[in-house]
Amino acid sequence: MLTAEENEMFTRVGPGTPAGELLRRYWHPIAIASDITEEKPVKFVRILGEDLVLFKDKQGRVGLLEDRCSHRGASLSYGRVEERGISCCYHGWLYDTKGNCLECPAEPKGSNFHLTVKQKAYPAQEFAGLYWAYMGPQPAPVISKYDVWARTDGWHWIRALPTLDCNWLQAMENSVDTTHLHILHQELVTNGFTVRGTTRGTIDDLEKYEFYQVPYGIMKRRCFTDGTMEEHPIIFPNLLRQANRTQIRVPIDDEHTWVVYLHFVPFSEGPKPTNGDAVPVDYRKPFKVPANGAHPVARYTMTEVDGQDFMAWETQGPIANRARERLATSDHGVVMLRDMLRNEIEKVRRGEDPLNVMRDPDHPIIDTALEASLRAEKAGSVTYHIPRHA
Ligand code: FES
Ligand SMILES: [Fe+2]
């Protein structure tokens, strides 16, 4: 159980909030790169509670600016893109990708007023088929080289999930919640397990489980009654590395999260599908009807693993009230994650870099035990497979 104050501290993501400041120390994916095209060069993006506009100018440079124009506040996501940048469609104030104002066309001839205007701008870059943003203090770190992201002996593909209508921490706590797999997903994650009844699901196949700290997060280990074992980690602060992918949970704002999976397939397991250079993208349909509804109006798809998870996370509420929870022994992974979060928030308060902020562009690849997961899957010895969705 947390106090109401701690719950606020862990969940709020806006500027100046403790978790918001922590999360601003990392690069986050904000859009699918192939969604920004010559025909559609502008996209509204909300991230960490800030409204921004992502655009590519006609020189191919990418910018990420505050959406609200410095002049009188119209949205730049309706702006016109040209060689020099994006021009607000209201009075034509023209901004480059760094937020410099290059022109205020309605000002008197010869006016240098535009030189006094600066639109808030954040660094953005393309990597692995995604655009990434950094919204923290300068100098910006580098995108951390986790094996799934940084290995070059294979190819990436992306799965973009529908917007998750709840706070980011609910998804992360679920990733250190080993037992739910055997109850919530009992009908779907069945490989090698026996359902012993609706209440127990397949929990009796789980002999023991533990969590231990690794340099980049928390490793989960599960030991099954048939003598097999499985491990995979969460990567602090907002990634789950499971099988050949990272599940990235990007806070949109306090009550919404973008979930995007970035997969790595070694060439030894198959060639990249031929679609030019573009990273393949699988856009998932909403897991509920109506798609923008909230519990109890919305009904969730319970015939897919991701749909079941979305149900469990969203029905906890837009921000789970941890002041009324009853944690049990089986929740010790959740407690460990919260302790880690508390420590890392403290580090940021002291002016230190939190866990997994990397500054050396040549830092060694961070081994998240991906290879072991790939080998296990190849050998057919993994204890379960999350079914691939059609
Ligand atoms: S509001 Fe953008 S130019 Fe006037
Ligand atoms: Fe799950």
Side-chain angles (χ1 to χ4, degrees), residues 42 44 51-53 55 63 65-82 84-96 99-107 111 113-114 116-121 159 161 164 166 168-191 193 201-203 206 209 220 222 230 232-234 239-243 245-247 249 257 259 261 284 287 300-316 320 330-331 333-334 337 383-389:
V42 183
F44 173 87
D51 288 350
L52 306 172
V53 61
F55 69 99
L65 305 181
E66 184 178 354
D67 181 60
R68 200 172 281 279
C69 176
S70 288
H71 180 211
R72 279 172 38 216
S75 167
L76 290 181
S77 59
Y78 291 87
R80 300 178 177 95
V81 160
E82 56 140 283
R84 295 174 294 167
I86 188 166
S87 165
C88 178
C89 67
Y90 200 2
H91 312 94
W93 287 23
L94 174 72
Y95 303 101
D96 70 10
N100 300 309
C101 184
L102 306 181
E103 202 173 326
C104 299
E107 290 307 293
S111 164
F113 178 77
H114 64 278
T116 67
V117 177
K118 179 85 181 176
Q119 185 76 359
K120 189 193 269 183
R159 172 167 286 161
L161 274 67
L164 172 69
C166 70
W168 70 287
L169 191 56
Q170 278 144 248
M172 287 313 297
E173 289 184 340
N174 176 82
S175 296
V176 278
D177 169 2
T178 295
T179 59
H180 89 274
L181 178 93
H182 296 273
I183 312 293
L184 178 64
H185 305 310
Q186 58 181 273
E187 303 94 346
L188 301 179
V189 184
T190 54
N191 290 19
F193 300 145
T202 64
I203 195 80
L206 182 64
Y209 55 96
K220 303 182 279 182
R222 322 164 195 242
E230 196 266 342
H232 65 264
I234 65 151
L239 315 173
L240 168 68
R241 207 278 296 152
Q242 186 267 326
R245 65 193 178 189
T246 49
Q247 300 188 22
R249 289 80 182 253
T257 306
V259 183
Y261 295 178
R284 299 306 321 284
F287 300 122
Y300 293 82
T301 308
M302 293 294 281
T303 51
E304 297 181 36
V305 170
D306 287 332
Q308 292 176 331
D309 281 327
F310 269 50
M311 179 286 298
W313 306 344
E314 288 191 11
T315 60
Q316 289 177 295
S330 53
D331 294 309
V334 171
L337 174 61
T383 44
Y384 68 88
H385 298 262
I386 305 288
R388 278 280 298 274
H389 306 301

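Just so you know, ligand 1 is whichever comes first in the structure, and atom 1 is the first atom listed for that ligand.
Heavy-atom contacts from other residues, nucleotides or ligands closer than 6.0 Å to OH of Tyr78 number 12 or fewer.
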Legend entry - His114/Leu94 under side chain to side chain contact (heavy atoms under 4.5 Å, CB included): CA gap, chis, key distance, verdict: CA-CA 9 Å; His114 64 278; Leu94 174 72; over 6 Å; no
Inset, instruction - Go through the steps to decide whether Tyr95 and Val117 satisfy the test side chain to side chain contact (heavy atoms under 4.5 Å, CB included), and finish with yes or no. - result: CA-CA 9 Å; Tyr95 303 101; Val117 177; 4.2 Å; yes
Legend entry - Candidate pair Arg222 and Leu206, rule side chain to side chain contact (heavy atoms under 4.5 Å, CB included), full reasoning: CA-CA 7 Å; Arg222 322 164 195 242; Leu206 182 64; 3.8 Å; yes
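Here the protein contributes His180 NE2, His185 NE2, Asp309 OD1, Asp309 OD2 as N, O or S atoms under 2.8 Å from the Fe ion (ligand 2). Within the protein, the N, O or S atoms lying under 2.8 Å from atom 2 (Fe) of ligand 1 are Cys69 SG, Cys88 SG.
Judged as a salt bridge (charged side-chain N to carboxylate O under 4.0 Å, His left out), the pairs with a partner in residues 170-189 (not counting sequence neighbours) are, in order, Glu173-Arg322, Glu173-Arg338.
Looking only at side-chain heavy atoms (C-beta outward), Arg249 and Ser175 come within less than 4.5 Å of each other.
Aromatic ring pairs are classed by plane angle as parallel below 30°, tilted from 30° to 60° and perpendicular above 60°; the pair His71 and His91 is perpendicular.
Phe310 CZ to Leu161 CG: the interatomic distance, rounded to the nearest 0.5 Å, is 4.5 Å.
Every residue meeting the side-chain hydrogen bond (donor to acceptor under 3.5 Å, both in side chains) condition with Glu82, not counting sequence neighbours, appears here in chain and number order: Arg84.
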